[in-house]
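Values below: all heavy atoms of this structure, side chains included; hydrogens, waters and symmetry mates excluded. Every number for a ligand or one of its atoms is a count from 1 in the order of the listing. Everything numeric here is computed off the predicted structure, so don't read it as measured data.
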Amino acid sequence: MELPFAESWKIKMVEPITKSTREQREEWIKEAGYNVFGLKADQVYIDCLTDSGTGAMSDRQWSAMMMGDESYAGARSFFELKDAIEKITGFKYVIPTHQGRAAENVLFSALVHEGDYVPGNSHFDTTKGHIEFRKAHAVDCTIDEAKDTQKELPFKGNVDPEKLEKVLEQHADKVPFIIVTVTNNTAGGQPVSMANLREVRKIADKYGKRIVLDSARFAENAYFIKKREPGYQDKTIKEICKEMFSLADGMTMSAKKDGLVNMGGFIATRWEDWYEAAKAFVIPFEGYLTYGGMNGRDMAALAVGLDENTEFDTLVTRIHQLELLASLLDEYGIPYQRPIGGHAVFIDALRVLPQIPKNEFPAQTLTIELYKEAGIRGCEIGYILADRDPVTRENRFSGNDFVRLCIPRRVYTDNHIRVIAAALKNVYDRRDEIKRGVEIEWEAELMRHFTVKLKPLQ
Ligand code: F0G
């Protein structure tokens, strides 16, 4: 008999989690203003809010922490990290930062200016924020098919070469770089193919432009290339990563995802001029060049994490959990962004709750229902997160309205995944009883989803 799938690790330390009653959860979510960011983590049973900084480190990482060198300048841990990054990416200039958005802040301070255009594939909110904060434009060139949640494409995170070329034709002298996010988080953790990266490179070269990879989930992207792109089946994840980065000029990294650490990030590049320009900003914003925003011990753990997470076994164990969740949702008929992405399932709330008008926020309504059902915390990646149009102040209802359920790395077991799926099924089975959504009682002008206060409509 063929042996069943099992994890590529065993568990050495456990952390208790607590269940609660529906009555308790109804009270807690009310106190939180019907915003899951307002909940205490202790009020959550299974936390799928994010896969960022929520993973479990390995014994090798914890032992590396004990060996961390906390020297202010020239710490050994920095050189370990730099070597690990160079081995995987080929980039020899490295600047540590305290997380991904700090890497964006430092690099974009050097490169992005008022009136610039930065084309890419669904810039992450902080990336877009750092571009718009500098009065530049983030132009989304993701393929149109990414919007159709039911369309199965192997690389739904891809850049549309025609859209990209159009931006370059119109604004070539105002494009400081092209940014490609791997995997494409906002489109559903969807990967970008090597062929697409090559095509972006060709266009960039034609216009003499450089490419930055927003690499938060680069290893998961490499996994999908290995599994889905012809010609890569026999390559190792490390070989695929090397090829991906060979097509780019630099990277910003949130190490809290594919670095397998709880805090950290970095910039890496092959270009001395970018390094020199970024140096001027890392010192005042983050810290000295050889630690940026990180402790020595955290750099040591990250060096190990990058090595571990570019091994096939680590990734196959992780993506298996996403595949398990997807297979259960298929069985129950629950619609999500297909095919499953690398770090989360994105439930298509407009299809689950078609009776809720967009201005009553279907995905937020479903997020609240799922929390009340079983203490599972997902988050809305939809119309609340989309904020208002800065000019008209109207809500932006043109995109998808998702409930994102992230799976932290090496944290939950397959049994937890089954609980998540069952809770979703229970809500889905009674979806017709959900007649009204929520209205906004208070909101911030920008990034309102973190602090918005809501009221359920009767
Ligand atoms: N880029 C991508 C693609 C991201 O998903 C994130 C963070 C960042 C950059 C910023 O990195 O948080 O370390 O400053 N994403 C988290 C999420 C917050 O939940 O998806 P950071």
Side-chain angles (χ1 to χ4, degrees), residues 36-37 41 44 47-55 95-109 112 118 120-133 138 140 142 146 156-157 159 177 179-192 212-222 224 244 248 250-268 282 285-286 292-294 298-299 302 305-306 322 337 341-346 367 377-382 384-386 402-409 411 447 449-450:
V36 290
F37 284 95
V44 173
D47 205 346
C48 300
L49 186 67
T50 178
D51 64 321
S52 182
T54 53
I95 296 178
T97 61
H98 79 273
Q99 60 184 86
R101 65 199 70 185
E104 292 164 357
N105 189 29
V106 170
L107 187 66
F108 296 4
S109 290
V112 180
V118 184
N121 56 337
S122 324
H123 311 65
F124 183 68
D125 339 348
T126 60
T127 318
K128 191 158 178 263
H130 275 297
I131 293 167
E132 291 179 348
F133 176 73
D140 184 6
T142 309
K156 233 172 166 176
V159 177
F177 54 84
I179 188 157
V180 184
T181 304
V182 290
T183 56
N184 183 329
N185 180 4
T186 314
Q190 298 292 323
V192 175
V212 172
L213 291 189
D214 174 349
S215 307
R217 300 177 182 86
F218 73 94
E220 290 170 8
N221 200 81
F224 285 117
M244 281 166 51
M251 67 194 285
T252 50
M253 178 72 187
S254 169
K256 301 168 73 171
K257 285 89 167 172
D258 273 352
L260 296 181
V261 291
N262 303 112
M263 188 53 77
F266 57 86
I267 299 163
V282 70
F285 288 169
E286 292 286 293
M294 296 181 76
D298 288 345
M299 291 191 285
L302 174 54
L306 287 168
L322 277 301
Q337 170 70 307
H343 66 291
V345 58
F346 287 63
T367 304
R377 174 160 68 170
C379 75
E380 191 246 34
I381 302 275
I384 295 182
L385 179 115
F402 288 130
V403 179
R404 183 183 76 166
L405 293 163
C406 281
I407 307 299
R409 294 167 184 77
V411 169
M447 299 206 140
H449 68 291
F450 288 118

Query - Exam field: side chain Glu380 to backbone Gly382, donor-acceptor pair closer than 3.5 Å - result: yes
Requested in this report: Identify, for atom 13 (O) of ligand 1, the protein heavy atom at the shortest distance, and state residue, atom and that distance.
Outcome: Ser254 OG, 2.6 Å
Report task. State the atoms of ligand 1, each with its element, that fall below the 4.0 Å cut-off from a heavy-atom position in Glu104. Result -> 9 (C)
Query raised in the report: Do His123 and His130 come close enough that some side-chain heavy atom pair is under 4.5 Å?
Result: no
Query - Identified side chain to side chain contact (heavy atoms under 4.5 Å, CB included) partner of Val212 from the options Thr252, Val180, Ile267, Thr181 - result: Thr252
Report summary line: Near Thr50 (heavy-atom distance under 4.0 Å), the atoms of ligand 1 are 17 (C), 19 (O)
Query raised in the report: Who's the nearest protein heavy-atom neighbour of atom 10 (C) of ligand 1, and how far?
Result: Thr126 OG1, 3.6 Å
Query raised in the report: Picking from Lys256, Arg217, Lys257, what satisfies salt bridge (Lys or Arg N to Asp or Glu O under 4.0 Å) with Asp51?
Result: Arg217
Query raised in the report: For ligand 1, which atoms have a heavy atom of Thr181 less than 4.0 angstrom away?
Result: 3 (C)
Report summary line: In this structure, atom 16 (C) of ligand 1 is nearest to the protein heavy atom Lys257 NZ, 3.2 Å
Query raised in the report: Counting heavy atoms only, which of Arg404, Arg101, His343, Lys256 is nearest atom 17 (C) of ligand 1?
Result: Arg404
Query raised in the report: Considering only protein heavy atoms, which is closest to atom 1 (N) of ligand 1, and at what distance to one decimal place?
Result: Asp214 OD2, 2.7 Å
**Report entry** Phe133, CZ atom: more than 12 neighbouring heavy atoms under 6.0 Å
**Finding:** no
Query raised in the report: Is the closest basic N to carboxylate O distance between Glu104 and Lys128 below 4.0 Å?
Result: no
Query raised in the report: For ligand 1, which atoms sit closer than 4.0 Å to a heavy atom of Asn185?
Result: 5 (O), 20 (O)
Requested in this report: Note the single closest protein heavy atom to atom 8 (C) of ligand 1, along with its residue, its atom name and the distance in Å.
Outcome: Phe124 CD2, 3.4 Å
Query raised in the report: Under the 3.5 angstrom rule, does the side chain of Gln337 hit a backbone N or O of Ala187 as a donor-acceptor pair?
Result: yes
